[in-house]
Amino acid sequence: TSSKNVGDQVNYEITGIDPGAGLMKSTEKAMKDYGLNKDWTLKEGSAAAMTAELKKAYEKKEPIIVTGWTPHWMFSKYDLKYLKDPKGSYGKGESIHTLTKKGFKQENPGANKILDQFYWKPSDMEEVMVDVQDGAKPENAAAKWVKSHKQQVSKWTKGAQKGNGKEVSLVYVAWESEIASTNVAAKVLEQQGYKVKLQQVEAGPMFAGVADGSADAMVAAWLPTTHKDYYNKYKGKFEDLGPNLKGTKLGLTVPKYMPIDSIEDLKK
Ligand code: PBE
């Protein structure tokens, strides 16, 4: 495979997402680890802008390098591959954890129990993400998933008292994966009688909100690598209810038609 002019072809640019994302920090680390930090730039934007650029390039079979992650609909919509990461800059497969503010269990034991029992698989999350990508409103895609997975959902609500209108506030970032998970958690809480307030924020404020108690919970902490800095910054100021999903992946992502296989190929 000829991997010579990849840098020239993409203007030595990696198409990134929102600057607060852990994926951006990991990518900066990767660029250092592989000696790309001088010649290459990581472009900031948003998850939505990244997928829009990917779509544009893909349709014209043009070269593009994006920061990608799994679960994500883009891997079912397009033929993509992760560039190999022999230095392990992006860490291993991760889990997504649910965090609550301190004292939430005492204040709202029913909702805490549901959030604690919330657990699903990457393929579950992808079902919701694909529906949203196909045009469904996130809350409708979530409602559809909840309706068609009653048995799984009953495990999450098992033994939890009803909400009777009690409020629960959830914070999340507009990453496609987190739009899916947060809307599903909200839908289940609502069905149990809780009044759920969803607030979309940036990554930093999401962690800060749970740590300072202005938000009740989040289902979006990617650990141990991606959100390590946020997690350590606020350690002791939140409760970690453990994983709600296992088996994520992150890394530089390119269309399969590109003749490169490893991050090391960008060095040439
Ligand atoms: N992500 C999706 C986030 C976590 C969820 C991989 C874009 C991040 O990088 O922080």
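Residue numbers count from 1 along this sequence. Ligands are counted one by one from 1 in listed order, and the atoms in each one are counted from 1 as well. Atoms considered below: every heavy atom in the structure, side chains included; atoms not considered: hydrogens, waters and symmetry mates.
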Checklist entry - Is it true that the NZ or CZ of Lys249 lies under 6.0 Å from the centre of Tyr82's six-membered ring and within 45 degrees of the ring axis? => result yes
Next on the checklist: Whether Lys56 engages the ring of Tyr58 as a cation-pi pair (distance to the six-membered ring centre under 6.0 angstrom, angle to the ring normal within 45°) should be assessed.
Outcome noted: no
Next on the checklist: Distance to the ring centre below 6.0 angstrom and angle to the axis at most 45 degrees; does that hold for Lys155 and Tyr119?
Outcome noted: no
Checklist entry - Between Trp120 and Trp145, how do the two ring planes meet: parallel, tilted or perpendicular, split at 30° and 60°? => result perpendicular
Next on the checklist: Please evaluate residues Glu190 and Lys187 with respect to the criterion salt bridge (Lys or Arg N to Asp or Glu O under 4.0 Å), reporting the C-alpha separation (whole Å), side-chain torsions for both, the decisive distance (0.1 Å), and the verdict.
Outcome noted: CA-CA 5 Å; Glu190 276 168 15; Lys187 190 55 67 190; 3.5 Å; yes
Output, or 'none' if empty, a list of ligand 1-protein atom pairs in which both atoms are N or O and the distance is under 3.5 Å, rounded to 0.1 Å.
unit_1	atom_1	unit_2	atom_2	d
ligand 1	9 (O)	Gly22	N	3.2
ligand 1	9 (O)	Leu23	N	2.7
ligand 1	10 (O)	Gly22	N	2.7
ligand 1	10 (O)	His227	NE2	2.6

Checklist entry - Can you name the residues that form a side chain to side chain donor-acceptor pair (under 3.5 Å) with Gln161, not counting sequence neighbours? => result none
